[in-house]
Amino acid sequence: MNQFQDVFNEFSQLHNQKYNLGEILSFLDSKCANGYFDRDVYQQLIDQIPQAQSQQQCTINQLINVFKKAQDVLNDKISKSQQIIDQKNIEIRAYNDKIRQSQTSSVNSSSKLNVEILDAEILYQGNGQLQVSLECMSSVIYTQLAKRQKSVWNETFDFNVNEQAVLKFILLDTELQQKRGNGGVAYIDINTFGDQMLHDFTVNLTDESNAIVRAKLHLKIQWIYSKNKYLQDLINENMIQINQLEQEINDHIVDLDIINSPFKQAFKFQNNLTISTYQTQPNQQQQQASPLLISENQIDRLVQISLLLIILYLVFGLLNSMYRTLYFDFLVLFYCFLFYQKNYKLQSLLHIKIIMVMLGVALLMDIIWLAIYSTPYLGEFNANFDHFEYGLQKYQIILSWLLLFVKIVVLMFYVHIYATYPDKSTQVYDQQWNAIFGWRDGKQINVYRNYN
């Protein structure tokens with residue numbers, strides 16, 4: 001705000017006095033490097049000041065407030081768009097990892113159809129209870145009975161299908177069944193859902209002559225016949241959205257540059273924004289700027305090396321377990337191996353952070369244990385101890401120190417992985433964290449919806 005005031009002080013220091021809009025525009029022209037302030041932007045700013053257009057006058061304070069508001073709105077839009085881009089880059093990476101995993105796996109996913117029957121709008125008179133029958137291939141399923149006044153089911157069904165499948169929906173009415181009738185029928189060819197996207201729609205249930213619509217059934221249907229194609233379509237969709245968001249960001253930056261053009265001599269951009277900052281890979285410049293940051297392939301190699309250190313941790317833990325109970329250490333080991341079993345490469349720093357915290361607690365417990373029990377066995381032989389027992393206890397202390405050293409090495413390795421990760425700002429939280437705590441506003445796409 002002070003920067004705006006400093007510039008307008010050159011025009012007049014009476015900021016609450018009204019001035020002619022043309023005089024103000026001429027002043028703004030004189031402050032621009034090219035001697036011209038965009039007329040369309042100026043008109044949009046003036047339109048936000050009450051009665052300024054009709055009177056062709058406004059105060060400096062009114063104009064400053066409008067300039068500041070426009071700057072804040074544009075910065076907010078840029079920030080939110082960039083957050084969405086970061087989230088979609090995370091999703092794209094997860095989809096690519098799923099594709100690579102499926103290519104290396106020998107298990108072929110079957111063609112699955114997911115049908116969710118939500119509710120119905122009944123268009124004929126009656127008092128009976130309602131139920132939906134769904135025939136697909138050789139399978140027939142039924143929903144629960146629902147009251148006519150509230151025909152809501154919200155039931156989901158899965159089918160193994162092929163491209164010749166036809167879905168047959170029948171609305172069963174307990175009142176009409178006594179007359180061997182029904183509330184309406186609809187047929188849907190499965191190829192209608194060949195794009196593998198989720199379809200949310202309403203289908204008309206007609207009488208036997210297919211002339212009268214007796215009810216409208218609300219459905220959600222998705223057919224997954226190729227997991228890789230489905231994931232690739234999601235990647236392409238996200239890439240299109242990212243390109244659109246980047247274009248919006250660039251447009252906002254241009255508008256921001258126009259608004260700030262008369263004030264460039266008074267202050268630098270608060271956000272130091274340039275069009276080249278926002279690319280599809282937002283972290284490449286950060287990786288080049290800092291020598292500590294390394295590529296994701298190198299990070300994945302470090303994760304594989306850390307697995308070998310965890311195995312070494314297990315060996316020393318088993319040797320120590322002959323004389324000590326290491327409940328917490330084996331809990332740490334179990335979590336580590338569970339992480340490596342489900343992640344052949346690093347996909348989220350959340351697991352790394354949990355492992356580091358657990359290792360820190362294990363180190364603290366070892367230090368306390370060694371401070372209490374190591375003192376009697378590291379000095380000269382005490383006649384109160386049996387020679388054999390004394391030797392075993394000394395062996396135990398030595399192994400415990402070695403185990404402590406291995407834990408320190410493992411913890412330092414994980415700290416190194418965390419410190420050198422190229423995009424910590426977008427990789428700290430995974431989908432489970434978001435689902436439980438809702439840390440991000442970006443909507444998560446469930447990759448595993450229909451083909452687990």
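Within the model, atoms CD1 of I141 and CD of E135 stand 10.0 Å from one another, a figure rounded to the nearest 0.5 Å. Between the CG atom of L28 and the CZ atom of R39 there is a distance of 9.0 Å, given to the nearest 0.5 Å. Going from atom CD1 of I84 over to atom CG of N238 covers 11.5 Å, rounded to the nearest 0.5 Å. Here the CG-CG distance, from L123 to L205, works out to 9.0 Å after rounding to the nearest 0.5 Å. With rounding to the nearest 0.5 Å, the separation of NZ in K80 from CD1 in I249 is 13.5 Å.
Y187 OH: 12 or fewer foreign heavy atoms inside a 6.0 Å radius. Within 6.0 Å of the OH atom in Y142, the count of heavy atoms belonging to other residues, nucleotides or ligands does not exceed 12. By the neighbour-count criterion of 12 heavy atoms within 6.0 Å, atom CD of Q164 is densely surrounded, having more than that number from other residues, nucleotides or ligands. When the shell of 6.0 Å around NZ of K147 is examined, it contains 12 or fewer heavy atoms from other residues, nucleotides or ligands. For F328, the CZ atom sits in a packed shell: over 12 heavy atoms of surrounding residues, nucleotides or ligands are nearer than 6.0 Å. Atom CE of M412 is surrounded by 12 or fewer heavy atoms from other residues, nucleotides or ligands within 6.0 Å.
Proximity of Q87 to Q83: side-chain heavy atoms (C-beta onward) are nowhere separated by under 4.5 Å. T156 is not listed as a side-chain neighbour of V115, based on a closest heavy-atom distance of 4.5 Å or more. Taking 4.5 Å as the limit, every side-chain heavy atom of E91 sits out of range of all side-chain heavy atoms of L234. Contact of the L404 side chain with the W369 side chain is not registered, since no non-hydrogen atoms from C-beta on lie closer than 4.5 Å. Looking only at side-chain heavy atoms (C-beta outward), M365 and D329 stay at 4.5 Å or farther from each other.
A donor-acceptor pair is defined here as one N or O able to donate and one able to accept, closer than 3.5 Å; no such pair exists between the side chain of S79 and the backbone of D76. Looking at S261, its side chain never comes within 3.5 Å of a backbone N or O of C32 through a donor-acceptor pair.
For H252 and N75, the side-chain atoms include no donor-acceptor pair closer than 3.5 Å. Side-chain atoms of N236 and Q232 form a donor-acceptor pair, as typed in the model, at a separation below 3.5 Å. For the residue pair D86 / Q82, a side-chain donor-acceptor distance below 3.5 Å is found, with atom types taken as modelled. Between N204 and T206, the side chains place no donor N or O within less than 3.5 Å of an acceptor N or O (distance only, hydrogens not considered). Residues D251 and Q247 have side chains that bring a donor and an acceptor to within less than 3.5 angstrom of each other. Under the 3.5 Å distance criterion, with hydrogens and angles disregarded, no donor-acceptor pair is assigned to the side chains of Q222 and E116. Between the side chains of N320 and S400, a donor-acceptor pair is found at a separation under 3.5 Å. Using modelled atom types and a 3.5 Å distance limit, the side chains of Q43 and D47 yield a donor-acceptor pair.
Across every non-hydrogen atom of K31 and V7, the tightest pair is CE-CG1, 4.1 Å. The minimum heavy-atom distance between C58 and L21, with the atom names listed, is SG-CD2, 3.6 Å. Counting all heavy atoms, side chain and backbone alike, A146 lies closest to S151 at CB-CA, 4.4 Å. Shortest non-hydrogen contact noted between Q129 and T174 is N-OG1, 2.8 Å. When every heavy atom of S226 is checked against every heavy atom of Q196, the shortest pair comes out as N-OE1, 2.9 Å. Across all their heavy atoms, L309 and V406 have their closest contact at O-CG1, 4.5 Å.
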Check: Would L167 and L113 satisfy side-chain contact (heavy atoms from CB on, under 4.5 Å), going step by step from the backbone distance to the final call?
Finding: CA-CA 10 Å; L167 303 177; L113 179 71; 3.5 Å; yes
Notebook entry, point to check: Between Y313 and L403, is a side-chain contact (heavy atoms from CB on, under 4.5 Å) present by the stated rule, with each step listed?
Noted result: CA-CA 7 Å; Y313 179 10; L403 178 61; 3.7 Å; yes
Next item on the list: Under the side-chain contact (heavy atoms from CB on, under 4.5 Å) rule, what do L219 and I188 come out as? Steps first, then yes or no, please.
Entry: CA-CA 12 Å; L219 304 170; I188 304 178; 4.3 Å; yes
Next item on the list: Please lay out, stage by stage, how L333 and F330 fare under the test side-chain contact (heavy atoms from CB on, under 4.5 Å).
Entry: CA-CA 5 Å; L333 287 166; F330 286 114; 3.8 Å; yes
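Put simply, the residue from V132, T202, L171 that forms a side chain to side chain contact (heavy atoms under 4.5 Å, CB included) with L217 is V132. Under the side chain to side chain contact (heavy atoms under 4.5 Å, CB included) rule, E155 has a single partner from L118, T143, L134, which is T143.
Using a cutoff of 4.0 Å between basic side-chain nitrogens and carboxylate oxygens, R100 and D97 are scored as salt-bridged.
Relative ring orientation between Y42 and F37 is described as perpendicular, the plane-to-plane angle rising above 60° on a 0-90° scale split at 30° and 60°. Ring planes of F159 and F157: tilted class, angle from 30 to 60°.
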